[in-house]
Every structure is written in C-alpha cells, then in structure tokens.
> 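Dumping the structure here so I can ask a few things about it.
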Protein chains: 2
Amino acid sequence: MSDELDDVDQALLAALIADARLANNRLAARAGVAASTALLRVRALIDRGVIRGFHADVDPERVGRPVQAIVAVRLRAHDRRHIDAFTSTVPRLPEVMQSFHVAGDDDYLLHVALPSASALREWILDRVTTHPAVAHSRTTLIFGHDTGHTGPLT
Amino acid sequence: MSDELDDVDQALLAALIADARLANNRLAARAGVAASTALLRVRALIDRGVIRGFHADVDPERVGRPVQAIVAVRLRAHDRRHIDAFTSTVPRLPEVMQSFHVAGDDDYLLHVALPSASALREWILDRVTTHPAVAHSRTTLIFGHDTGHTGPLT
DNA sequence: ATTGAAAATTAACCTTG
DNA sequence: CAAGGTTAATTTTCAAT
C-alpha cells in the first residue's frame with residue numbers, strides 16, 4: 001500500500017476537510033494544480049483510504065436532540081456471545097453519534113444525543129444497563145462539543 | 001428561530017450526512033423534489049444552522065497519526081485567567097480532533113491523534129500536564145473509533 | 001414554497017507534453 | 001504524472017404557478 005502524502009495531497013486534504021463541497025476547479029486553484037490533476041489526486045486519496053468519506057455536519061440541537069452525553073460502558077469479561085451481541089448492535093444505534101473502543105477501566109465510550117434528560121435515562125436503561133453483556137455504565141453529561149476538523153500532520 | 005423539519009428536510013439531511021458530495025440533482029431525486037427546490041432547502045438548512053458544514057473524513061492512520069487517545073482533563077477551580085487560557089487554546093491544537101466540555105469529575109475530554117506513543121506522551125506533558133490551569137489528567141488509549149453518521153431523529 | 005427551462009459553471013474524458 | 005481542450009453533466013438563476 002502506498003503512503004506518503006506530498007504537498008499537493010496535503011493541500012487537497014486540508015481544503016476538503018474545511019469544505020467537502022468545494023468545487024473541483026477551486027480546489028485545484030488552492031492546491032496550485034490543474035483541475036484534472038486535482039480530480040485524479042482526490043480519487044486516488046479516496047481509493048487509498050486516506051479519505052473515508054464526505055459528510056454533512058448536522059447540529060444535534062437543531063434536529064431535536066439537544067441532550068448529549070458520554071456513556072462509559074464496562075463489559076462483563078465472560079460470555080463472548082453476549083459481548084459480540086453488544087458490540088455489533090449498540091454502537092450502531094441511531095442515538096449513538098460515535099463510539100470509542102478503549103483500553104483501561106471501561107471498554108466503550110458512547111457519544112449519544114437524545115431529545116431530553118428523561119429520554120437519555122430511558123435509553124441507557126433499555127439499551128445499556130439492562131444489556132446482558134454490560135457490567136457497569138457511567139454517564140457524563142456534555143456541556144459542549146467542538147470538532148477540530150483537524151488537518152493532516154502539523 | 002424557526003425549527004421544524006419536514007419530510008423533505010429530513011430526507012435531504014439523511015442523504016447529505018451519508019454523502020456530502022452527492023450531486024444536487026441526485027439529492028433532489030432522493031428527496032422527491034425538483035433540483036432547484038433541493039438547492040434552496042439545503043441553503044436554508046445551512047442558514048438556519050441545522051447544517052454546520054461539510055467535511056472530508058480523513059483516516060488519521062493514513063496521515064501519519066495512528067495513535068489515538070482520550071485525554072480527560074480536570075482543571076484547577078481557581079484562577080479564571082488560567083482556565084480561559086486553557087479553554088481557548090488547547091482544544092484547538094491540531095492534534096486535538098475533538099473536545100468535549102463535560103460535567104462531573106473531569107472538565108474536558110480531548111480526543112487526540114498523534115504519530116506515536118512517545119509523541120503522545122510528550123504532547124500530554126507539554127500541552128496538558130504542565131499547563132497552569134490543569135489539576136489532573138488521565139489518558140485512555142483508543143483501540144477503535146466508529147462514527148455513526150447518525151441521521152436526524154429516528 | 002415549488003417548479004421547469006435557460007444560462008453559467010463545472011466535471012469528466014482524452015490527447016498531448 | 002501533469003496540463004489543456006472539448007463534450008457532457010450539473011448547478012444556478014429566474015419568471016411563473
């Protein structure tokens with residue numbers, strides 16, 4: 001697999017991280033290459049797996065889910081079947097915006113967004129606490145969340 | 001502030017969350033409206049703040065930063081000036097992919113990506129542990145990270 | 001608020017340096 | 001691997017419903 005990103009690739013990535021909908025000719029101008037080159041380069045970046053996709057960033061508060069939390073989950077170490085049942089379903093629930101599989105005391109951190117505190121409580125009860133694979137969970141309310149849109153390297 | 005998303009808005013959002021680069025005419029077809037309508041709707045969603053932006057999703061592993069971690073930071077409650085210095089700078093560092101301002105024992109959770117374990121250790125020392133606003137920090141390694149690309153409501 | 005059609009812009013392909 | 005030129009597709013505007 002090829003790696004190594006040259007300056008043009010870096011410029012393309014930085015521009016697309018900032019604005020995924022940037023038209024290809026403007027993108028090319030920013031990176032200082034011909035439009036056709038930019039097109040090929042971006043396709044190559046996608047094929048190489050450097051770019052995983054392009055997504056709209058939607059504010060959960062504006063779509064009826066103003067309450068966000070981090071739910072730290074510790075699984076019961078036994079019973080592989082239950083654990084698989086958890087890992088293959090819960091992180092993909094629509095309320096889960098992202099999930100981190102982590103080392104340490106907890107096994108998963110779930111970033112969730114729900115319409116209200118009571119909806120959050122019920123969701124945790126139904127989907128987490130009572131799940132057979134879950135040993136323990138701890139919920140931390142999120143006051144604010146910032147996405148860095150961090151570019152590659154520094 | 002206007003809220004209320006009708007079915008067309010929901011369809012547009014779902015499609016753009018899945019693929020921000022979807023051509024406007026295809027987007028319109030999916031939502032069952034004319035291309036010009038889709039364009040106006042999407043602009044309205046942006047103006048209303050429902051859509052915050054469109055971003056390329058870049059794999060940190062492929063851009064030289066394979067080591068990811070959650071750094072939980074507890075600030076010293078005193079000294080407002082130091083706290084402001086922290087909150088206005090550290091979450092915006094390029095190594096920080098996202099930051100959560102949270103309730104509870106910790107004040108911030110920083111999702112960071114770095115080239116190596118030693119780079120992570122040095123970064124935490126330089127930027128977090130030794131920062132005058134920081135009382136304590138605890139680092140959790142990330143084995144895996146999934147983004148749900150969750151659409152609005154369910 | 002939505003539409004359909006015209007005008008402007010852009011993407012994609014292909015040939016050449 | 002990059003650049004320019006040509007065609008096809010797409011975005012955007014606008015008058016009308």
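Below, chains carry the letters A, B, ... as their sequence lines are ordered, and counting in each starts from 1. Here the structure is a predicted model, which is why all the values come from computation and not from measurement.
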> Taking atom CZ of R30(B) as the centre, does the number of heavy atoms from other residues, nucleotides or ligands within less than 6.0 Å exceed 12?
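Count not over threshold, so no.
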> State plainly whether the residues R138(B) and D106(B) are in salt-bridge range, i.e. N to O under 4.0 Å.
yes
> Which of parallel (below 30°), tilted (30 to 60°) and perpendicular (above 60°) describes H145(B) and F100(A)?
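If you compare the ring of H145(B) with that of F100(A), the planes turn out parallel.
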> Under 30°, 30 to 60°, or over 60°: which ring-plane class applies to F86(A) and H131(A), parallel, tilted or perpendicular?
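F86(A) and H131(A): perpendicular rings.
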> Could you pull out the closest heavy-atom pair between D107(B) and L75(B), with the gap in Å?
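Closest approach of D107(B) to L75(B), heavy atoms only: OD2-N, 2.7 Å.
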> R52(B) and P60(A): which non-hydrogen atoms are nearest, and at how many Å?
NH2-CD, 3.6 Å
> Please convert DNA chain D into dot-bracket. A pair counts if it is Watson-Crick or G-U wobble with both distances under 3.5 Å; crossing pairs go in [ ] and bases paired with another strand get |.
||||||||||.||||||
> How would you give the extent of chain A contacts on DNA chain D, as first and last nucleotide 5' to 3' within a 4.0 Å heavy-atom cut-off?
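Boundary nucleotides touching chain A, in 5' to 3' order, are dA2(D) to dG4(D).
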> Does the side chain of R41(B) come within less than 4.5 Å of D9(B)'s, by heavy atoms?
yes
> Would you compute the distance between atom CG of D59(A) and atom CG of L45(B) and round it to the nearest 0.5 angstrom?
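The CG atom of L45(B) is 12.0 Å from CG of D59(A), to the nearest 0.5 Å.
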> Would a distance-only check, ignoring hydrogens and angles, find a side-chain to backbone donor-acceptor pair under 3.5 Å from S137(A) to A72(A)?
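Here the side-chain-to-backbone pair does not exist.
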> Can you build the contact string for nucleotides 3-17 of chain C? Use B for base contact, S for sugar-phosphate-only contact, and - for no protein heavy atom under 4.0 Å.
BB-----SSBB----
> Which value, rounded to the nearest 0.5 Å, describes the distance between D19(B) atom CG and L27(B) atom CG?
9.5 Å
